[in-house]
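Take a look at the structure set out below.
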Amino acid sequence: MIESPSDTGPTRTARAALTHAFEAASAYLQSRDSRPVWPTATIESLRAALGGPLQRLPIDAGVVLDDLVRAAEPGLVATTGPRYFGFVTGGALPATVGADWLAAVWDQPAALYVLSPAAAVVEEVAGAWLLEVLGLPSTASVGFVTGCHMANFTALAAARLEVLRRAGWDLDQNGLQGSPPIRVLVGNEVHVSVVGALRMLGIGSRQIERVDADEQGRMRPASLERALQSPTGPTIVCAQAGNVNTGAFDPLDEIAGAASRHGAWLHVDGAFGLWASACAALRPHMRGVERADSWATDAHKWLNVPYDSGISIVRDAAAHHAAMTLGAAYYVETAGAERDPYNWVAESSRRARGFPIYAALRELGRDGLAEMIDRGCSIARRMADGLREAPGVTILNDVVLNQVLVRFGDDDRTDATIAAAQRDGTCWVGGTTWKGVRAMRVSVSSWATTDEDADRSVAAILRCAGCAA
Ligand SMILES: Cc1ncc(COP(=O)(O)O)c(C=O)c1O
């Protein structure tokens with residue numbers, strides 16, 4: 001470590017701790033691609049290694065970190081490795097990890113401009129770039145949240161406020177009790193986080209109207225049109241870009257037409273699918289996306305930013321602002337020329353999440369982003385093709401994006417193959433139930449995955465399924 005004259009006691013301690021963290025991080029990165037993707041540690045061994053009574057006296061920061069690394073590492077899942085295909089988990093681009101570390105070192109509470117001008121301007125700049133790459137209106141407002149669940153919540157809070165305002169109800173003053181009922185229509189394959197977000201907004205599961213979806217999980221626009229014919233009040237329609245199982249896109253243009261004919265607010269949940277807009281080959285799936293009123297997506301999925309990072313976007317910036325802003329005597333708010341980041345999210349004190357998103361967009365550029373998305377889709381197709389060649393293996397979905405659903409004969413064999421593949425450790429794949437049958441879910445979401453990783457993983461999965469590899 002380089003010593004400098006300004007190394008006072010606390011600075012020296014902090015620098016020493018970061019050196020320990022850097023060494024551990026480097027060693028982890030070097031071993032990550034070759035270690036089993038799923039850890040071998042048991043819950044008992046982790047509790048024994050990490051637990052015990054809290055000691056009375058302080059411990060040197062470097063020792064704390066070394067102990068943490070030794071105890072936690074056996075229980076880490078190599079989610080940033082190239083053969084992690086679970087959930088829809090992105091890797092972490094190098095510049096984003098560095099920027100995230102810096103966000104912690106700088107420790108900016110990115111609520112108000114006055115708390116961190118740099119964090120505020122980075123959000124402003126990254127927000128504008130995001131709107132550009134996603135093909136959304138440049139005047140829309142952007143909030144940087146923890147994930148798509150909260151992005152759905154934020155956008156739907158703006159929707160709730162605005163549809164009630166149009167119905168003559170001031171939600172801010174009067175609250176939800178006694179308000180005109182809000183109709184919410186969702187596709188039958190809506191993601192559970194939209195339902196959770198609506199619940200937090202006072203709209204229960206039973207009050208949500210589900211619209212038919214087709215065999216790929218796409219909302220049927222004719223069914224939506226029919227549902228919207230019946231008497232309406234304030235109405236919100238939630239569409240989806242990228243079904244969590246199949247990757248399918250709702251027909252957004254037709255849905256936007258129906259929503260606009262009936263004066264409904266259209267929200268698009270595009271946790272990973274929204275990134276299809278960044279790639280010319282996929283853009284036809286997104287036709288009409290720019291006609292919606294709000295959008296939600298994740299940066300920690302396909303943009304490959306470290307957890308946690310989601311993005312909420314609202315066409316009507318005034319509604320977004322009104323739904324989120326607070327105001328307090330001691331808040332030093334700007335008159336509007338500068339961004340106060342807390343005005344766009346349901347948080348006050350908050351991590352400066354803009355830095356890693358900014359770093360991702362700079363590291364990739366527009367072309368790099370398009371290439372990363374395109375490559376993920378091509379690897380998903382390659383894996384589907386490799387798997388479907390084996391006897392008794394069926395691909396259940398049209399592989400239009402980065403998701404592959406694989407069935408191995410029957411439910412029992414499918415579950416046994418998933419469990420065996422997880423134990424094998426070459427890659428990690430999860431399971432799901434799709435249209436009443438069990439399936440393996442393969443989600444290609446990491447920038448680090450190569451064709452070779454895909455082939456190694458397919459061979460391992462087929463070996464686990466008892467097919468010759
Ligand atoms: C379509 C969709 N919406 C919302 C979410 C929730 O995102 P997060 O877990 O990042 O909050 C997911 C997560 O997989 C998703 O696939």
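Values below: every heavy atom of this structure, side chains too, minus hydrogens, waters and symmetry copies. Both counts, for ligands and for their atoms, begin at 1 and track the order of listing. Residue indices begin at 1 and follow the sequence shown.
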>> Testing Arg291, Gln240, Met219 one by one against Ile255 for a side chain to side chain contact (heavy atoms under 4.5 Å, CB included), which residue passes?
In response: Met219
>> Taking CZ in Arg199 as the centre, count heavy atoms belonging to other residues, nucleotides or ligands within less than 6.0 Å. Is the count above 12?
In response: no
>> Between Thr450 and Asp453, does the side chain to side chain donor-acceptor pair (under 3.5 Å) criterion hold? Intermediate values first, please.
In response: CA-CA 5 Å; Thr450 62; Asp453 291 308; 2.8 Å; yes
>> My understanding is that only residues two or more places apart in sequence, or in another chain, count here; which of them pass side chain to side chain contact (heavy atoms under 4.5 Å, CB included) with Ala92?
In response: Thr80, Thr96, Val97, Pro306
>> Show the nearest heavy-atom pair for residues Phe87 and Ser443, with the distance to one decimal.
In response: O-CB, 2.9 Å
>> Around atom CZ of Arg261, are there more than 12 heavy atoms from other residues, nucleotides or ligands closer than 6.0 Å?
In response: yes
Ligand-protein N/O pairs under 3.5 Å (ligand 1):
| unit_1 | atom_1 | unit_2 | atom_2 | d |
| --- | --- | --- | --- | --- |
| ligand 1 | 3 (N) | Asp269 | OD1 | 3.0 |
| ligand 1 | 3 (N) | Asp269 | OD2 | 2.8 |
| ligand 1 | 7 (O) | Asp298 | OD2 | 3.3 |
| ligand 1 | 7 (O) | Lys301 | NZ | 3.1 |
| ligand 1 | 10 (O) | Cys148 | N | 3.3 |
| ligand 1 | 10 (O) | Asp298 | OD1 | 3.1 |
| ligand 1 | 10 (O) | Asp298 | OD2 | 2.7 |
| ligand 1 | 10 (O) | His300 | NE2 | 2.8 |
| ligand 1 | 10 (O) | Lys301 | NZ | 3.0 |
| ligand 1 | 11 (O) | Cys148 | N | 3.2 |
| ligand 1 | 11 (O) | His149 | N | 2.8 |
| ligand 1 | 14 (O) | Lys301 | NZ | 3.3 |

